[in-house]
Amino acid sequence: PLITAQSFNPEFQADAAIFPSQHSSSLLMKKIYLSLIIIGAAFSSFSQTKAIDSLRKLLPTAQTDSAKCLLYLNQSSYYESLKPDSAIKYAYSALKLAEKNGYRKYSIEAKVVISYIIGYTGNYVKALQLLLENKSQAEVDNDTDALSDCYHNLGNLFKWQKDFRT
């Protein structure tokens with residue numbers, strides 16, 4: 001309620017005047033806590049930007065196509081929630097390079113990342129199709145890491161849809 005008995009109680013007003021530290025200390029703590037959150041977010045954003053810049057600089061110097069695939073996949077993972085359109089571009093670059101060189105593991109990994117981004121942006125049907133294809137390929141290759149990623153992303157996909165049926 002906007003109006004309480006305390007707001008009209010002269011004794012309460014006097015208590016606040018006599019003991020201002022009780023009221024101001026909680027306000028001070030809230031300000032400190034909020035400041036720490038803002039500073040933490042700024043440093044997190046700065047460090048993420050720094051990591052993206054570092055990856056971007058490493059790409060032209062990569063000696064092998066497998067190193068380029070990994071760099072593309074890492075760049076994609078940094079951009080997933082910040083810039084999904086950039087993330088998918090890097091993941092597709094990794095996929096093309098992996099398929100060109102016959103790197104099945106990187107191909108599956110790129111498709112898992114692509115399916116995650118597609119699902120994250122709301123195209124659940126296409127993401128589900130791609131994840132199920134990836135899951136089958138991971139099972140054939142006995143790639144337990146990729147299989148784990150597929151199941152994890154399937155869980156994310158159903159969570160985003162708020163589909164919690166068993």
Side-chain angles (χ1 to χ4, degrees), residues 26 28-166:
S26 66
L28 179 63
M29 290 302 292
K30 288 178 184 176
K31 287 181 180 181
I32 290 172
Y33 183 68
L34 183 60
S35 298
L36 289 174
I37 289 173
I38 291 170
I39 290 169
F43 278 118
S44 172
S45 175
F46 175 72
S47 69
Q48 199 166 30
T49 303
K50 196 173 176 181
I52 291 169
D53 290 341
S54 297
L55 288 170
R56 198 176 299 138
K57 289 176 185 174
L58 284 173
L59 196 58
T61 64
Q63 300 284 323
T64 64
D65 285 344
S66 62
K68 287 180 184 175
C69 276
L70 283 173
L71 287 169
Y72 281 133
L73 289 169
N74 283 327
Q75 278 188 302
S76 181
S77 70
Y78 275 108
Y79 278 120
E80 280 175 351
S81 59
L82 296 172
K83 294 181 177 179
D85 55 329
S86 295
I88 209 155
K89 180 185 90 166
Y90 288 117
Y92 272 119
S93 295
L95 178 61
K96 285 194 313 192
L97 203 54
E99 287 180 345
K100 176 183 140 197
N101 291 293
Y103 301 144
R104 284 178 61 89
K105 184 167 182 62
Y106 293 142
S107 175
I108 293 172
E109 193 172 335
K111 288 177 188 176
V112 168
V113 170
I114 292 167
S115 64
Y116 176 86
I117 298 163
I118 290 171
Y120 181 80
T121 57
N123 192 342
Y124 305 125
V125 173
K126 185 168 175 114
L128 181 61
Q129 289 170 338
L130 190 54
L131 275 171
L132 292 176
E133 289 172 20
N134 293 340
K135 184 177 135 329
S136 297
Q137 190 174 358
E139 287 171 340
V140 168
D141 292 353
N142 200 26
D143 186 342
T144 55
D145 290 335
L147 198 55
S148 173
D149 290 340
C150 288
Y151 282 120
H152 182 208
N153 285 353
L154 281 167
N156 283 331
L157 194 59
F158 288 109
K159 180 179 80 172
W160 293 330
Q161 295 178 81
K162 297 187 180 8
D163 186 353
F164 303 112
R165 292 175 283 154
T166 55

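Here the structure is a predicted model, which is why all the values come from computation and not from measurement. Below, each value reflects all heavy atoms present in this structure, side chains not excepted, and no hydrogens, waters or symmetry copies.
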Counterpart residues, ring pair (Phe, Tyr, Trp, His ring centres under 6.0 Å), relative to Tyr92 (two or more places apart):
none

Approximate separation, where rounding is to 0.5 Å, of Leu128 CG and Leu154 CG:
6.5 Å

dist Lys68:NZ -> Lys96:NZ (nearest 0.5 Å) comes out at 12.5 Å

Within this structure, what is the NE2-CG distance for the pair His152 and Asp149, rounded to the nearest 0.5 Å?
8.5 Å

Which residues pass the side-chain hydrogen bond (donor to acceptor under 3.5 Å, both in side chains) test with Ser66, sequence neighbours left out?
Thr64

Taking salt bridge (charged side-chain N to carboxylate O under 4.0 Å, His left out) as the cut-off, I'd like each qualifying pair that reaches into residues 72-87, sequence neighbours left out, listed once.
none

Contact list for residues 122-135, test salt bridge (charged side-chain N to carboxylate O under 4.0 Å, His left out), sequence neighbours left out:
Lys135-Glu139

Within residues 97-119 or reaching into it, pairs that qualify as side chain to side chain donor-acceptor pair (under 3.5 Å) - sequence neighbours excluded
Asp65-Asn101, Arg104-Asp141, Lys105-Asp143

Of all the heavy-atom pairs spanning Leu73 and Ala110, show the shortest one and how long it is.
CD2-CA, 3.6 Å

Could you grab the distance from atom OG of Ser136 to atom CG of Leu131, nearest 0.5 Å is fine?
11.0 Å

Could you report the tightest heavy-atom contact between Ile114 and Ala91, atom names first, then the distance?
CG1-CB, 3.5 Å

Specify the closest pair of heavy atoms between Cys69 and Ala94, including all atoms of both residues, with the distance to one decimal.
SG-O, 3.6 Å

Could you walk me through whether Ser77 and Val113 pass the side chain to side chain contact (heavy atoms under 4.5 Å, CB included) check?
CA-CA 8 Å; Ser77 70; Val113 170; 6.0 Å; no

How many angstroms lie between CH2 in Trp160 and OG1 in Thr121, if you round to the nearest 0.5 Å?
8.5 Å

Smallest heavy-atom separation, Tyr124 atom then Gly119 atom, equals CE2-O, 3.3 Å

Inter-residue atom distance Leu95.CG - Ile108.CD1, 0.5 Å rounding:
11.0 Å

Could you tell me how the ring of Tyr90 sits relative to the ring of Tyr79: parallel (under 30°), tilted (30 to 60°) or perpendicular (over 60°)?
parallel

